[in-house]
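One structure is given here, and the rest of the page talks about it.
Naming: A, B, ... by sequence-line order, numbering from 1 per chain. Computation of the quantities below employed the complete heavy-atom set of this structure, encompassing side-chain atoms and omitting hydrogens, waters and symmetry-equivalent molecules.
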Protein chains: 2
Amino acid sequence: MGRIAASQNGSKKEAITSKAAALFIRKGFSSTSMRDIADAIGVEAPSLYNYIRSKNDLLEEVCFQVADRYLQHLKLVESSRAGHLGRIESIIRFHITMMIQEFDSSYLAEHEWIHLPAPLLADFKAQRKNYRQRVAAIVRKGIDRKEIRRIHPDVAVHTMLAAIQGIEGWHRSGRKLDPATLEDNMVQFLINGLKK
Amino acid sequence: MGRIAASQNGSKKEAITSKAAALFIRKGFSSTSMRDIADAIGVEAPSLYNYIRSKNDLLEEVCFQVADRYLQHLKLVESSRAGHLGRIESIIRFHITMMIQEFDSSYLAEHEWIHLPAPLLADFKAQRKNYRQRVAAIVRKGIDRKEIRRIHPDVAVHTMLAAIQGIEGWHRSGRKLDPATLEDNMVQFLINGLKK
DNA sequence: CCTACCGATCGGTAGG
DNA sequence: CCTACCGATCGGTAGG
């Protein structure tokens, strides 16, 4: 019983998390009630608590999972042998891909983490700051090595990441632009803005 | 009595709107209660209803006021004699200035309009779409006249406006970067990405 | 997984 | 501008 029950609980929890993520995006975290989530799943609200501990739990899970995936990719890039502009392009492409393929969780990790409860909020902010500083360090080195034009590294990082985050607005309004065109044009725009 | 009372009501309403805007930004629209707003002003919640009709009213006011300011500027740009890249630069600078100087309302008009009640939501979305299409038309003409590099106009518009919107994250985290440096570096980055 | 229900809090109204 | 209060809804618990 143990193993099967555990795996059933796992998939049920995933189903709840994914439905919740979709609702958090559409209506915002605070405007989404546990009743809304329960309705979407087809159960009564109290039944959700067999799988999750709290509403905040749902948000926490999504936010930290996504943050970790970005960090893993950054580590890969940092230890690669690519040039600095190439590293930045790899990061840009990864962010775009995540935003398109893992839209729901990426959006939440980017826009709804403000609602994380007190101790986790500080953790998340620190992780975020650390990530951006490491990307900015790559830009700085690229400038030193004359691969990237002179620009304030923090402004550069902010500009490119914000542009990519904003894909959510695109996605939400149901634009019918194929992902490859979106990615190629955006990468071209941003890399060209950085190139010497 | 009429005139004075009217002007007092006006300024009081402005005070409420501005406090509300600040709270909507910090906590989100749904997480901000009328009690929160009343506390910030120093009155009891029911007293607010002498000046505003509803919570949605506060949001509506801010969103449409800001949208109108952007539209007015766009009209100026459209009827100017500047080149197309110059027009885009003017739009970029206006957006950045608004984001820095009118941060609270700009943020709300950009991120919290989803909470507008039913009939207004559609209006707002239509206005937004129209605005972006007109900016994209400028990009398209710039490409035709070889002032701007070949790029998907919608992607270009989205990328630059999203990058600017994202200044809020910057602002919120209390980065100490002077506005001029931010503006100059971001404009350089974006215009360079578009230039031939 | 349900019914029944809790205390808290919500936006807003009545009446002064 | 207040007190007093409304009906609705919230996240979550008890108990089965």
Side-chain angles (χ1 to χ4, degrees), chain A residues 1-2 4-21 23-24 26-63 108 112 114-121, chain B residues 1-2 4-21 23-24 26-63 108 112 114-121:
Chain A
M1 168 192 158
I4 292 172
S7 101
Q8 280 174 341
N9 282 354
S11 68
K12 192 78 190 184
K13 182 171 182 177
E14 275 168 41
I16 293 171
T17 308
S18 117
K19 286 279 185 194
L23 284 164
F24 290 162
R26 191 143 44 88
K27 311 180 49 167
F29 178 73
S30 299
S31 301
T32 302
S33 70
M34 297 304 281
R35 270 90 172 166
D36 291 335
I37 298 168
D39 280 353
I41 305 276
V43 297
E44 295 300 319
S47 301
L48 297 175
Y49 291 87
N50 293 311
Y51 304 99
I52 56 148
R53 273 168 303 178
S54 70
K55 190 183 172 187
N56 281 324
D57 233 46
L58 286 169
L59 188 61
E60 178 189 337
E61 193 125 345
V62 174
C63 288
L108 286 180
E112 298 288 329
I114 315 165
H115 301 286
L116 284 170
L120 291 149
L121 182 61
Chain B
M1 170 191 160
I4 292 172
S7 101
Q8 280 174 343
N9 282 355
S11 68
K12 192 80 190 183
K13 183 170 182 178
E14 276 169 40
I16 294 170
T17 309
S18 118
K19 285 280 185 194
L23 284 165
F24 290 164
R26 191 143 44 89
K27 311 178 51 168
F29 178 74
S30 299
S31 301
T32 302
S33 71
M34 296 305 280
R35 271 89 172 166
D36 290 335
I37 299 168
D39 281 353
I41 306 277
V43 296
E44 295 300 318
S47 301
L48 297 175
Y49 291 88
N50 292 311
Y51 305 98
I52 57 149
R53 275 169 302 180
S54 68
K55 188 182 174 188
N56 282 324
D57 233 45
L58 286 169
L59 188 61
E60 180 191 334
E61 192 124 347
V62 174
C63 287
L108 286 180
E112 298 287 330
I114 316 165
H115 301 286
L116 284 170
L120 292 149
L121 181 61

- Are any of the side-chain nitrogens in B/Glu61 or B/Lys13 under 4.0 Å away from the carboxylate oxygens of its partner? yes
Between [atom1] on residue [X] and [atom2] on residue [Y], distance to nearest 0.5 Å:
{"X": "A/Asn56", "Y": "A/Leu120", "atom1": "CG", "atom2": "CG", "value": "8.5 Å"}
{"X": "B/Ile41", "Y": "B/Leu23", "atom1": "CD1", "atom2": "CG", "value": "8.5 Å"}
{"X": "B/Ser33", "Y": "B/Lys27", "atom1": "OG", "atom2": "NZ", "value": "6.0 Å"}

- Query: Tell me: CD of A/Glu44 to P of C/dC2, nearest whole Å?
  - Reply: 5 Å
- Nearest-Å distance, NZ (B/Lys13) to P (D/dC1)? 15 Å
- Looking only at atom types and distance, does a side-chain atom of B/Ser47 sit under 3.5 Å from a main-chain N or O of B/Val43, one as donor and one as acceptor? no
- Task: Would you check if the side chain of B/Lys55 reaches a backbone N or O of B/Phe29 as a donor-acceptor pair within less than 3.5 Å?
- Result: yes
- Task: For the residue pair B/Ser30 and A/Ser31, confirm or rule out a side-chain donor-acceptor distance under 3.5 Å.
- Result: yes
- Message: Under the criterion side chain to side chain contact (heavy atoms under 4.5 Å, CB included), I'd like the reasoning laid out for A/Ile37 against A/Phe24: C-alpha separation, chi angles, the key distance, then a yes or no.
- Response: CA-CA 9 Å; A/Ile37 298 168; A/Phe24 290 162; 4.2 Å; yes
- Query: Quick one: what's the B/S/- string for nucleotides 5-16 of chain C, heavy-atom cutoff under 4.0 Å, read 5' to 3'?
  - Reply: -----BBBB---
- Paired and unpaired positions of DNA chain C as dot-bracket, Watson-Crick or G-U wobble under 3.5 Å, | denoting a partner strand: ||||||||||||||||
